[in-house]
Amino acid sequence: MGRASSLLIIFVVLGSSFATYNVVTMIRHYGSSEGVSVDDGGLFFDPITEMPDHVKNRKTTKAPFHVALTATDAPYNKWQCRVMYYWYKQQKKLPGSEMGGFTRILHSGKSDNLMDEIPTVVVDPLPAGLDRGYIVLNRPWAFVQWLEKTKIEEEYVLMAEPDHIFLRPLPNLAYGGHPAAFPFFYIRPDQNEKIIRKFYPVEHGPVTNVDPIGNSPVIIRKDLISKIAPTWMNVSLKMKEDPETDKAFGWVLEMYAYAVASALHGVRHILRKDFMLQPPWDLETNKKYILHYTYGCDYNLKGELTYGKIGEWRFDKRSHLRGPPPKNLPLPPPGVPESVVTLVKMVNEASANIPNWDTS
């Protein structure tokens with residue numbers, strides 16, 4: 001039974017990887033032409049919502065946010081959470097940070113060996129079988145439970161993921177009732193109107209009210225996410241139950257569900273392209289806040305990208321399903337983009353400084 005479960009995990013991860021490979025081939029077409037125009041933190045224009053002038057200007061008072069990280073107790077998730085929490089602590093104490101408290105929302109239903117290392121709240125997973133093998137459906141349910149059972153002092157929440165690394169101190173990019181989000185080029189409500197209308201009826205307004213985002217990274221006011229989270233959970237489950245929607249949205253179904261749920265509550269997001277970068281496609285870390293290492297990085301020894309083919313040098317989080325990567329990973333060969341070099345250096349620094357790294 002254990003062997004069957006392990007094989008299932010591997011097949012699920014491989015399926016996710018192949019889906020990612022297919023999606024990412026579109027990046028070269030879209031490039032970085034979409035999203036907001038940002039200069040040193042000031043918002044000039046949001047392509048989805050034209051923001052009022054008072055939102056475009058810099059705020060003068062700090063508005064700390066609580067970092068909320070949803071996670072499982074799988075070894076694959078644990079080592080990523082440890083790296084993420086290490087860099088949260090490094091960046092939080094630097095000038096310019098508005099990072100407040102931190103909670104790992106552990107949706108395994110039971111404690112694990114990181115409870116003393118990372119501030120953690122344990123919540124229940126969905127009832128067995130309800131996620132239909134799509135474990136991400138536990139994320140909205142985890143937020144519903146956490147918001148009901150936990151009191152935090154911050155007015156804002158950053159919804160984050162284990163494979164996020166904070167590159168620099170993160171300010172609060174949200175403003176009042178306008179949460180801040182990263183625009184994903186592959187979340188296209190306008191190109192999926194027939195499906196979106198199943199969950200966002202025409203009486204709610206044009207489909208362009210649905211922002212091209214997922215729930216992470218998003219900085220949002222606590223009262224807003226408290227209203228959105230139950231709707232996000234219900235829409236996610238309904239989408240998964242609908243064969244047409246499940247087939248069309250696949251691994252990004254829960255992201256669409258958050259976007260639709262936000263629109264149902266009349267919440268529009270400030271889109272920030274500087275919120276996050278994703279190597280190997282984004283080449284530099286300059287002026288970006290979060291590094292998201294969801295994609296594998298494969299290169300030959302000449303420093304040329306070999307995406308879709310295992311490289312002579314590689315870093316892929318999926319290579320470490322059963323435990324953490326070894327300390328002191330070799331750096332990429334010359335010619336590999338700065339973003340990938342930075343990723344490896346930051347993982348190495350974290351693993352060198354986290355006690356008992358090999359027990360993740």
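Because the structure is predicted, anything quoted here is derived from the model rather than measured. Just so you know, these numbers use all the heavy atoms, side chains as well, and skip hydrogens, waters and symmetry mates.
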Worksheet item: Restricting to pairs with a member in residues 115-136, which pass salt bridge (Lys or Arg N to Asp or Glu O under 4.0 Å), not counting sequence neighbours?
Response: R82-E117
Worksheet item: Atom CG in D163, atom CG in L291: separation rounded to 0.5 Å?
Response: 9.5 Å
Worksheet entry | Backbone of V267 reached by a side-chain donor or acceptor of S262 within 3.5 Å | no
Fill in: Between F166 and Y289, ring centroids under 6.0 Å
no
Item to complete: Begin from the C-alpha positions of L224 and R221 and carry the test side chain to side chain contact (heavy atoms under 4.5 Å, CB included) through to its verdict.
Response: CA-CA 5 Å; L224 292 179; R221 215 169 58 199; 4.1 Å; yes
Worksheet item: Do the side-chain N and O atoms of Y293 and Q278 include a donor-acceptor pair separated by under 3.5 angstrom?
Response: no
Item to complete: Considering only NZ, NE, NH1 and NH2 on the basic side and carboxylate oxygens on the acidic side, decide whether K110 and D73 come within less than 4.0 Å.
Response: yes
Discussion item. Is there a path of hydrophobic side-chain contacts, each under 4.5 Å between heavy atoms of I/L/V/M/F/W/Y residues, joining L114 to V122?
Written reply: no
Practice prompt. For the residue pair F184 and Y186, categorise the inter-ring angle as parallel (less than 30°), tilted (30 to 60°) or perpendicular (more than 60°).
Written response: tilted
Discussion item. For D298, is there an ion pair with K309 - N to carboxylate O distance below 4.0 angstrom?
Written reply: no
Discussion item. Check this for me, if you would: do D112 and R104 make a salt bridge, where the nitrogen-to-carboxylate-oxygen distance has to be below 4.0 angstrom?
Written reply: yes
Worksheet item: Can you list the steps and then say if E244 with K198 is a side chain to side chain contact (heavy atoms under 4.5 Å, CB included)?
Response: CA-CA 11 Å; E244 182 184 21; K198 293 183 178 184; 2.5 Å; yes
Worksheet, complete the sentence: Per side chain to side chain contact (heavy atoms under 4.5 Å, CB included), K345 is matched among L331, L329, V340 by L331
Discussion item. Please find the pair of heavy atoms, one from I219 and one from P171, that lie closest to each other, and give the distance.
Written reply: CD1-O, 3.8 Å
Worksheet item: Would a line drawn from the ring center of H66 to the ring center of W146 be shorter than 6.0 Å?
Response: yes
Practice prompt. Could you check if a side-chain atom of Y256 sits within less than 4.5 angstrom of a side-chain atom of V235, using non-hydrogen atoms only?
Written response: no
Worksheet item: Are Y156 and P64 close enough that some pair of their side-chain heavy atoms sits under 4.5 Å apart?
Response: no
Discussion item. Testing the 3.5 Å rule here: is there a donor-acceptor pair between the side chains of T70 and H107?
Written reply: no
Response to the item:
On a heavy-atom basis, the closest approach of G101 and E154 is N-OE2, 2.6 Å
Worksheet entry | Side chain to side chain, E98 and F65, heavy atoms closer than 4.5 Å | yes
Worksheet, complete the sentence: Closest non-hydrogen contact found for I228 with A261 is CG2-CB, 4.0 Å
Item to complete: Any pair with a residue in residues 225-241 that passes salt bridge (Lys or Arg N to Asp or Glu O under 4.0 Å), sequence neighbours left out, goes on the list, sorted by first then second residue, please.
Response: K240-D246
Worksheet item: Hey, is CG on L301 packed in by over 12 heavy atoms from elsewhere, all under 6.0 Å?
Response: yes
Worksheet item: Distance-only, no hydrogens or angles: does the R168 side chain make a donor-acceptor pair with backbone N or O of K288 under 3.5 Å?
Response: yes
Worksheet item: Would you find a donor on one side and an acceptor on the other, under 3.5 Å apart, between the side chain of S351 and the backbone of N348?
Response: yes
Worksheet item: Can you get from L126 to L106 by hopping between Ile, Leu, Val, Met, Phe, Trp and Tyr side chains that sit under 4.5 Å apart?
Response: no
Worksheet item: So, K317 side chain and Y295 main chain: donor-acceptor pair closer than 3.5 Å or not?
Response: no
Fill in: Test log, rule side chain to side chain contact (heavy atoms under 4.5 Å, CB included), inputs C81 and L69
CA-CA 8 Å; C81 289; L69 169 68; 3.8 Å; yes
Practice prompt. May I ask you to decide if M239's main-chain N or O and T245's side chain share a donor-acceptor pair within less than 3.5 Å?
Written response: no
Discussion item. Tell me if the centroids of the rings in Y258 and W232 come within less than 6.0 Å of each other.
Written reply: yes
Worksheet item: Are V341 and L343 grouped together when hydrophobic residues (ILVMFWY) are joined by side-chain heavy atoms under 4.5 angstrom apart?
Response: no
Worksheet item: Counting distance only, does the side-chain N/O of N172 pair as donor-acceptor with the main-chain N or O of Y175 below 3.5 Å?
Response: no
Discussion item. If you define the side chain from C-beta out and look only at heavy atoms, does anything of E304 sit under 4.5 Å from Y299?
Written reply: no
Discussion item. Please verify the inter-ring angle class for H320 with F315; under 30° counts as parallel, over 60° as perpendicular, anything in between as tilted.
Written reply: tilted
Worksheet item: Tell me, do H178 and H269 make a side-chain contact under 4.5 Å, heavy atoms counted?
Response: no
Response to the item:
When every non-hydrogen atom of N113 is compared with those of T359, the smallest separation belongs to ND2-O, 3.4 Å
Fill in: Main-chain N/O of L167 paired to Q91 side chain as donor or acceptor, under 3.5 Å
yes
Practice prompt. Determine yes or no for a side-chain-to-main-chain donor-acceptor pair under 3.5 angstrom, with N353 supplying the side chain and E349 the backbone.
Written response: yes
Worksheet item: W251 and Y307: same hydrophobic cluster, using ILVMFWY side-chain contacts below 4.5 Å?
Response: yes
Worksheet item: Does E312 come within less than 4.0 Å of K302, counting only side-chain N to carboxylate O?
Response: no
Response to the item:
In short, G214 meets M255 closest at the heavy-atom pair CA-CB, 3.8 Å
Worksheet item: Between M84 and F102, is any pair of side-chain heavy atoms under 4.5 Å apart?
Response: yes
Practice prompt. Please test Y76 against T72 for side chain to side chain contact (heavy atoms under 4.5 Å, CB included), starting from the C-alpha separation and ending with a verdict.
Written response: CA-CA 9 Å; Y76 172 68; T72 74; over 6 Å; no
Item to complete: Might you point out which heavy atoms bring L137 and S236 nearest each other, and give the distance in Å?
Response: CD2-CB, 3.5 Å
Discussion item. I want to check something: taking the side chain as every heavy atom from C-beta on, are I187 and P189 in contact at a cut-off of under 4.5 Å?
Written reply: yes
Discussion item. Any side-chain to backbone donor/acceptor pair from T120 onto I118? Under 3.5 Å, distance only.
Written reply: yes
Discussion item. Membership question, hydrophobic clusters at under 4.5 Å side-chain separation (ILVMFWY): are I135 and M233 in the same one?
Written reply: yes
Worksheet item: Can you tell me if E161 uses its side chain to pair, donor with acceptor, with the backbone of P217 under 3.5 Å?
Response: no
Worksheet item: If you count the non-hydrogen atoms of other residues, nucleotides and ligands that lie under 6.0 Å from NZ in K194, is the total more than 12?
Response: no
Worksheet item: Does the side chain of I290 reach to within under 4.5 Å of the side chain of F275, using non-hydrogen atoms?
Response: yes
